[in-house]
2 protein chains.
Amino acid sequence: MSTVTIRDVARRAAVSVASASRALNNHSSVTPATRQRVIEAARALDYVPHLGARSLSRGRSNTIGVVLPDLFGEFFSEIIRGIDYAAHRRGLQLLLSNMHGSADETELAIRAMRGRVDGLLVMSPQVDAEFLGRNLPKGLPAIVMNAAASDGTHPTIAIDNLAGAREAVAHLVAQGCKRIAHVTGPRGNADADARRAGFRAAVTELLGADAGIEIEGDFSEASGIDAAWQILSQRPHIDGVFAANDMMAVACMATLAEGGMHAPDDVAIIGFDGVPIAQYVTPALSTMALNLAELGERALEKLVAITESEDQVEATTEMLKPELVIRASSRRHA
Amino acid sequence: MSTVTIRDVARRAAVSVASASRALNNHSSVTPATRQRVIEAARALDYVPHLGARSLSRGRSNTIGVVLPDLFGEFFSEIIRGIDYAAHRRGLQLLLSNMHGSADETELAIRAMRGRVDGLLVMSPQVDAEFLGRNLPKGLPAIVMNAAASDGTHPTIAIDNLAGAREAVAHLVAQGCKRIAHVTGPRGNADADARRAGFRAAVTELLGADAGIEIEGDFSEASGIDAAWQILSQRPHIDGVFAANDMMAVACMATLAEGGMHAPDDVAIIGFDGVPIAQYVTPALSTMALNLAELGERALEKLVAITESEDQVEATTEMLKPELVIRASSRRHA
DNA sequence: GGGGCGCGTGTAACCGTTTCCAAGCGCCTC
DNA sequence: GAGGCGCTTGGAAACGGTTACACGCGCCCC
């Protein structure tokens, strides 16, 4: 074991551990001579401070915890990238936790963070505000990303799913679609539910309630394929598809093409999220684009801000608005 | 602060901290009655153990550190997913570090792990074995993923880039390609260098040295686009492209199509890595597929194995062989 | 020339757990 | 009835750092 402690360093430099600690941490009031001796001793022994011990005594760890519902796919990897980028700039480490879609595990994951992180970034679209309020440790700064609703005590950064979904539908209608299918996300998922609600509202308003049909999906590639088969068998024919995420949109579009329905001429298709893959499929996928890396980055910055400010933080809610990106998959030659 | 410690619990249950600790950890020899009292007290106070303190006194953290060169793109997110999957199964946490492509940061990242992790997973294709040998803490179990060469003391899991590149070229030749371009990865990157070497060897052997040209890339989307412009301006025309990763292949293929060179008829294209996106582009991209999630998973399992076994571990090297996946982008109607 | 002040250093307490060791206690056995 | 054993419990020492506090010393200033 690289089990050389600060005591060894102190002994070799012939000073007390206090001085050694001070010298190594660039603290005030250490003679240049002592500092030099200590640093040399540390180098000679190849001393590396034990960060666990340090954080125990300092009361802070320079680490922030990230609790995500999953690690699968570009959606989350983009968010992590944004978080990491901001964390790196501030010299913070990331402790990652994945609750694999279950509320029990969310609770577990959150508890496992106690005493190891200075703050928490929680994204958990399937638990509600009440749950978070009950489980988030009292004194630990936390940012809730994209929750069903704010619990009223933690700042929140959420995606404006409702507005996004409405805009997606409006776009399809503007392209001339008369009968639109919505491939939904899983029930109970806050994002999915909000997108569904936006779809319903917009369709009812613009075309009448009968013009919209919902096909149950779960954000997965497989469910996008299933949805395509259902669409192919629909009568009268569907001429517009709004999928609750890009992954389903991509898979659905490819499968529809196999079945003879080609975008954009036979059917206009739009997704949600704006993950990188969307621009490489053929035809390129229209989408309600989110800057997920920025979402992660902003969440971390916000967390740092409340960590550093002493005074009570107010539970503000920031909204991230999706941006309509029109590509070939929904562009009608009108 | 949720600053209730085990002392508070002990006091409320009217036992010593020792007994409290034993009760909470399901230790041997605590009366059911005491255990009950302690557990109730803990619940009443909403006690959550301070894991930093625990790991200090226990000498293990139930956390493993992951040092990656980057967090960008599907390549790494797939690896992380695999690691997470295996870690989750064993109740381990993940401390993530990103060295942003620099050797200095690698050193920093590794040092920042001391005292917080029980083992290390290091992937760092741009540093050599000597560097790792110098920087990896002596007593800390570590697995090197995909390094230039083993440092002889740490077990290694590496990708068989050489064989993969040869197979890719052989496939293009079998499709009738006579003049093949290789869009390379960045120099100094072990994976990139090995793929380049494999390309050279295979081209020379199968078509003669003149049949191959190398176009410098850096694994990024942008460099795939640049490469396409160079290919479009080549005389005589290139009829096969082997890109050092899928991202460049995808971007290159799309740009070539804009310039009038369509795969697979005008040019056969194959990538490397087998990231998910490859199957959704049009035409679907042929690739040398790696099961990256499995790579991550195996690395973690191996790490756990050496962590648990007392005896000296031998520095074995495991090879992950890429698998040729033929899709439309390289399938000639021949 | 003595009191005070500032500087550098050391001693020891502390962070929150776990765990070694010793001690109390009841019961069985010889 | 005493010795011993096993079970439960508590005190205290770790783990490896940081830091409050005290202390010695040289200097300046009145």
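As a basis for the values below, the full set of heavy atoms in this structure was taken, side chains included, without hydrogen atoms, waters or symmetry mates. Predicted, not measured: the structure shown is a model, and the values here were computed from it. Each chain gets a letter, A, B and so on, in the order its sequence line appears, and its residues count up from 1.
Rounded to an integer number of Å, the gap from NE2 of A/His50 to C1' of C/dT17 is 13 Å. For the pair A/Ile6 CD1 and D/dT19 C1', the interatomic distance rounds to 12 Å; values are reported in whole Å. As a whole-Å value, the separation of B/Tyr47 OH from C/dG16 C1' is 7 Å. To the nearest angstrom, C1' of D/dA14 lies 17 Å from CZ of B/Arg54. When rounded to the nearest whole Å, the span between CG of B/Leu24 and P of C/dT18 equals 8 Å. Here the C1' atom of nucleotide D/dT9 and the CZ atom of B/Arg37 are 11 Å apart, to the nearest Å. Straight-line distance from the CZ atom of A/Arg11 to the P atom of D/dG16: 12 Å, rounded to whole Å. Separating the CZ atom of B/Arg60 from the P atom of C/dT19 is a distance of 11 Å, rounded to the nearest angstrom.
Checking side-chain atoms of A/Asp118 against main-chain N and O of A/Asn62 turns up a donor-acceptor pair under 3.5 Å. Counting only distance, with no hydrogens or angles, the side chain of B/Thr63 and the backbone of B/Ser61 share a donor-acceptor pair below 3.5 Å. Side-chain N or O atoms of A/Thr5 include one that pairs as donor or acceptor with a backbone N or O of A/Arg7 at under 3.5 Å. A donor-acceptor contact shorter than 3.5 Å is absent between the side chain of B/Thr31 and the backbone of B/Thr34. Without hydrogens or angle criteria, A/Thr307 side chain to A/Leu303 main chain gives a donor-acceptor distance under 3.5 Å. In terms of modelled atom types and a separation under 3.5 Å, the side chain of B/Ser77 and the main chain of B/Phe75 share no donor-acceptor contact.
Atom OH of B/Tyr85 is surrounded by 12 or fewer heavy atoms from other residues, nucleotides or ligands within 6.0 Å.
For the helix from C/dG1-D/dC30 to C/dC30-D/dG1, the terminal axes (five pairs an end, C1' atoms, rotation from four pairs onto the next four) enclose an angle of 60°, given to 10 degrees.
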Extract from the structure each pairing of a protein N or O with an N or O of nucleotides 8-15 of chain C at less than 3.5 Å, listing the distance.
| residue | atom | partner | partner atom | Å |
| --- | --- | --- | --- | --- |
| C/dG8 | O3' | A/Thr31 | OG1 | 3.0 |
| C/dT9 | OP1 | A/Thr34 | OG1 | 2.9 |
| C/dT9 | OP2 | A/Thr31 | N | 3.1 |
| C/dT9 | OP2 | A/Thr34 | OG1 | 3.1 |
| C/dG10 | OP2 | A/Ser16 | N | 2.9 |
| C/dG10 | OP2 | A/Ser16 | OG | 3.2 |
| C/dG10 | OP2 | A/Ser19 | OG | 2.9 |
| C/dG10 | N7 | A/Arg22 | NH2 | 2.9 |
| C/dG10 | O6 | A/Arg22 | NH1 | 3.4 |
| C/dC15 | O2 | A/Ser57 | N | 3.4 |

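Residue A/His27 places its side chain closer to D/dT19 than to any other of D/dT19, C/dG16, C/dT17.
A distance of 5.0 Å separates CG in A/Asn25 from CZ in A/Arg58, rounded to the nearest 0.5 Å.
Look at A/Ser21 and you won't find any side-chain N or O under 4.0 angstrom from OP1 or OP2 of D/dG17.
Considering A/Val38, A/Val9, A/Asp8 as possible partners of A/Tyr47, the one that fulfils the side-chain contact (heavy atoms from CB on, under 4.5 Å) test is A/Val9.
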